[in-house]
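What follows is a set of notes on a single structure, which appears directly below.
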Amino acid sequence: MLADLVRASRPLSWINTAYPFAAAYLLTAGRVDAALVVGTVFFLVPYNLALYGINDVFDYASDLTNPRKGGVEGALLTPRRHRPVLVASVVSCAPFVAALVLLGPPASWATLAVSLFALVAYSAPPFRFKEVPVLDSLTSSVHFVSPAVYGLALAGAAPTAGTLAVLGAFLLWGMASHAFGAVQDVVPDRAAGIASVATALGAARTVRLALLAWCAAGVLVATVGLPGALAGLLVLPYLALALPYARVGDEDSARANGGWRHFLWVNYAVGTAVTMILIGYALRDGVFS
């Protein structure tokens, strides 16, 4: 059972939610404290178990026909594992959420509530936002942006134009990433009667939309000044990955999985570059002095 929980939580993706929270909190608060530790652990494992575990449970029927599922790109849980995974998701999250509420100011509670709502509403009925084209990409992006927003709120950050620009770019990046990821599933999703941004717009249009969103994210980041503006260049690897599929047909949209597999590793390289930029900000502004 433990192995099922680990697979369901997508270990390769743990850093994608823990890192935005930890970076936002640490750069704002400038210290390591209980809130940072509790929040980082929460967004590292329990949050991902709930996010992907709930998804695996309610997507089981369609996942059976999806050749990508059953490995690092998604667990294929038998029905007898569904209830234990849902229970484990709630039980693992509850103490962390309670602790964060106690540690954070009231202004942070609403952000945490939105983050948890998006986590559930994406996959679970009656919401199933993942089956509402465009809203699916927006909600998926919120899964990764909201930990950063929560980190800022928990640390008591005041909103600035630069912060809003970075968060807006992050949101666009997340929407583009989700949309591109949905392209490879056009055929199995349509066969299962599941709507998505890619089934609604078609594979090629969705790839082009993702390209535009990544470009917009890069331009938005470029407005914040150096060294942050350098992060605008980090959309280039994603453009290079997606561009070859800009004319992919719906019938052979599964080919986009080739780009998606590289995408998962590009994230790590880009994350390293973002870390260097954030260190530059911290040194410039004396965050830890």
Practice problem: Could you pull out all residues at least two apart from Ala169 that satisfy side chain to side chain contact (heavy atoms under 4.5 Å, CB included)? | Solution: Ala217, Leu220, Val221

Exercise. Please round to the nearest 0.5 Å and tell me the distance separating atom CG of Leu167 and atom OG1 of Thr163.
Key: 6.5 Å

Quiz item: What residue pairs, at least two apart or across chains, pass salt bridge (charged side-chain N to carboxylate O under 4.0 Å, His left out) with a residue in residues 242-256?
Solution: Arg190-Asp250, Asp252-Arg255

Quiz item: Are side-chain heavy atoms of Val45 and Val41 found at a separation under 4.5 Å?
Solution: no

Quiz item: Please walk me through it: do Val270 and Tyr238 pass side chain to side chain contact (heavy atoms under 4.5 Å, CB included)?
Solution: CA-CA 10 Å; Val270 169; Tyr238 298 103; 3.7 Å; yes

Self-check item: All pairs passing side-chain hydrogen bond (donor to acceptor under 3.5 Å, both in side chains) where residues 91-110 contributes a residue, at least two apart
Solution: none

Exercise. Quick one: list whatever passes ring pair (Phe, Tyr, Trp, His ring centres under 6.0 Å) with Trp265, sequence neighbours left out.
Key: Tyr268

Exercise. Could you tell me which residues satisfy salt bridge (Lys or Arg N to Asp or Glu O under 4.0 Å) with Arg205, sequence neighbours excluded, listed by chain and number?
Key: none

Quiz prompt | Leu152 with Val145, same ILVMFWY side-chain cluster at under 4.5 Å | solution = yes

Quiz prompt | Set of residues satisfying side-chain hydrogen bond (donor to acceptor under 3.5 Å, both in side chains) with respect to Thr17, sequence neighbours excluded | solution = Asn48

Quiz prompt | Worked check of side chain to side chain contact (heavy atoms under 4.5 Å, CB included) between Val187 and Ser253 | solution = CA-CA 7 Å; Val187 172; Ser253 55; 4.1 Å; yes

Quiz item: Partners of Thr206 by side-chain hydrogen bond (donor to acceptor under 3.5 Å, both in side chains), sequence neighbours excluded?
Solution: none

Quiz prompt | Phe144 and Ser177, any side-chain heavy atoms less than 4.5 Å apart | solution = no

Exercise. With sequence neighbours left out, write down each residue that passes side-chain hydrogen bond (donor to acceptor under 3.5 Å, both in side chains) with Tyr245, or none if nothing qualifies.
Key: none

Practice problem: May I ask you to say whether Asp56 pairs ionically with Arg10, meaning some side-chain N is under 4.0 Å from a carboxylate O? | Solution: yes

Self-check item: With sequence neighbours excluded, residues passing side-chain hydrogen bond (donor to acceptor under 3.5 Å, both in side chains) with Tyr150
Solution: none

Self-check item: Any residue meeting side chain to side chain contact (heavy atoms under 4.5 Å, CB included) with Val38, in chain and number order, not counting sequence neighbours
Solution: Phe96, Ala99, Leu100, Leu103

Quiz item: What residues form a ring pair (Phe, Tyr, Trp, His ring centres under 6.0 Å) with Tyr19, not counting sequence neighbours?
Solution: none

Quiz item: Can you say whether the rings of Trp173 and Phe263 are parallel (under 30°), tilted (30 to 60°) or perpendicular (over 60°)?
Solution: parallel

Self-check item: Pairwise side-chain hydrogen bond (donor to acceptor under 3.5 Å, both in side chains) hits with a residue in residues 219-231, at least two apart
Solution: none

